[in-house]
Number of protein chains: 2
Amino acid sequence: MSTIFIPKHIHPTYSNTVFNDCLLFHDMTPHELDRLENYAEQSKCEEGEYLFRQDTPADFVYNVISGSVAIERIFTNGRRQIIGFLFPGDFIGLTHSPNYDCAVRCLTKVEFYKFSRKRLNTLSEEVGHLKQNMEQIKSAIFSRVMEQLYVLGQKKALERLCFLFMQLLERLPGARADRVELYMSRQDMADYLGLTIETVSRCLAKLKSDGLVAFPKLNHLQILNLPAVSELAEC
Amino acid sequence: MSTIFIPKHIHPTYSNTVFNDCLLFHDMTPHELDRLENYAEQSKCEEGEYLFRQDTPADFVYNVISGSVAIERIFTNGRRQIIGFLFPGDFIGLTHSPNYDCAVRCLTKVEFYKFSRKRLNTLSEEVGHLKQNMEQIKSAIFSRVMEQLYVLGQKKALERLCFLFMQLLERLPGARADRVELYMSRQDMADYLGLTIETVSRCLAKLKSDGLVAFPKLNHLQILNLPAVSELAEC
DNA sequence: GAAAAATATTGATAAATATCAAAAACAGAG
DNA sequence: CTCTGTTTTTGATATTTATCAATATTTTTC
């Protein structure tokens, strides 16, 4: 598996124990959660910084507490493709390879928990739920990447953007149709969707003039006509 | 994880035990291989038939002995995206989800080994190598899918075709630059590369007229200028 | 082996997107 | 608040790819 962990995630409540409600730690007993908590180290990273770089030792697994990151893959010719965006609750780094095969860049200030991958693996041998949950997360991630293949292979620019919007609406904790915060730049959107920044900009203009969306602020998206945007995204 | 298993694979020699040299069964003792052999059931499937369909119970893992298959994913609107092609030595069906998330269609007559997924999982608990190898295969597959994201997101039609050719050259057992058998139709190539059949056809014509490739027969590709094709594929 | 069916190629044109260039909007520093 | 640098938008045009239609080739059937 890879470094990317993008589970379909219901926003965790970190109230009691830091891991409650989090998909990876679902169904675990209080005792098990306590043990896990001992393994976690909380830390943070500033906007623009990298959590880790491609081809460096994959020693840690991360769980995003707050903020957003972009998963980037650099290719031989130096160009990059953004593989996905991750948000609070999402996991990063559950790869099997010795090195990370992607880089992770912070789009905002990011708070996260950091686990030793080795320890997490050891623990997963002992705690049945943990292991099963890890597998489930991987399944979900792979499923999402396959959907993205379809998006890049078959959809038009406008549809790709709507797809991104729907994805953000579903995955950003606290997002509502009238308030979706876009943490990434237009260039990031372009690199994610396989478009140029100009095409992204023009599609946004079109969606605006058609009354499907509005931008009270540059990075604050309002979806005015959800059925229409959803329809374009599915198509 | 998903149903797709596309290990970077050195053609297995099925001479002594059927599993020798096969990535999944690498480093296993003769005793372990014997045990595994008991779990395998050999079978075959005709061209055009499906090994399995999307959203059906994922009860078996397959290992291709001979022939080629296409991994297809059908989306809500009924359109399909080909996720990848599999060849001798490749594994299919090592998903974690209860159902397959892709369909597998035979491009040719296909011979394969069939394992009960449950049994394979049980065995992987006991045989360290097996489990590790399974993880490694998944890593490789995921890595490949990410590369494909880049291909669909960034490359032009001509480059995508060259990418496919290089992939076939590397992965088809026995393929050489002057003899790459294309088991898929032009439509399959198009659905894999996110193009139309006409664009595929025109790109082939261009590559031919530029002297980079030749087609002694419709599905028999000769790469005449390997550096040039490789260059286009990387780019 | 000839006819029919399926698949692939080619042509003309339209649509979508990229490219290059300039203007506008925005964000941060002082 | 104003200046400066960056990001975004818009405009004009070129390139790429899709679409629709016709022809050619290959495969299948009898």
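What you see below is based on every heavy atom in this structure, not just the backbone, and it leaves out hydrogens, waters and symmetry mates. Throughout, protein chains are lettered first and strands after them, A, B, ... in sequence-line order, and every chain is numbered starting at 1.
One finds no salt bridge joining B:D191 and B:R186 here, because no Lys/Arg side-chain nitrogen approaches an Asp/Glu carboxylate oxygen to under 4.0 Å. With salt bridges taken as basic N to acidic carboxylate O contacts below 4.0 Å, none links B:E47 and B:K109.
At least one donor-acceptor pair closer than 3.5 Å links the side chain of B:N63 to the backbone N or O of B:D90.
At whole-Å resolution of the value, CG in B:L218 and P in C:dA6 are 17 Å apart. For the pair B:R186 CZ and D:dT25 P, the interatomic distance rounds to 14 Å; values are reported in whole Å. Put simply, CG on B:L204 is 13 Å from C1' on C:dT10, counting in whole angstrom units. In this structure, A:F215 atom CZ and C:dA24 atom P are separated by 21 Å, rounded to whole Å. Between A:E47 atom CD and D:dT7 atom C1' there is a gap of 13 Å when expressed in whole angstrom units. Between B:I197 atom CD1 and D:dA24 atom P the separation is 18 Å, expressed in whole Å. Look at NZ on A:K217: it is 15 Å from C1' on D:dT7, rounded to the nearest Å. Put simply, NE2 on B:H220 is 15 Å from P on D:dT26, counting in whole angstrom units.
Taking the side chain of A:A205 as heavy atoms from C-beta on, and the options D:dT10, D:dT8, C:dT10, the nearest nucleotide is D:dT10.
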Tabulate atom names and distances for all N/O pairs under 3.5 angstrom spanning the protein and nucleotides 15-22 of chain C.
residue : atom : partner : partner atom : Å
C:dT17  : OP1  : A:A157  : N            : 2.8
C:dA18  : OP2  : A:T196  : N            : 3.3
C:dA18  : OP2  : A:T196  : OG1          : 3.2
C:dA18  : OP2  : A:T199  : OG1          : 2.5
C:dT19  : O4   : A:R202  : NH2          : 2.8
C:dC20  : N4   : A:E198  : OE2          : 3.0

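Put simply, the residue from B:P88, B:S66, B:S43 that forms a side-chain contact (heavy atoms from CB on, under 4.5 Å) with B:E111 is B:S66.
Judged by the 6.0 Å and 45° rule, A:R160 forms no cation-pi pair with A:F163.
Interatomic distance, CD1 of B:I197 versus OG of B:S185, reported as 6.5 Å (0.5 Å rounding).
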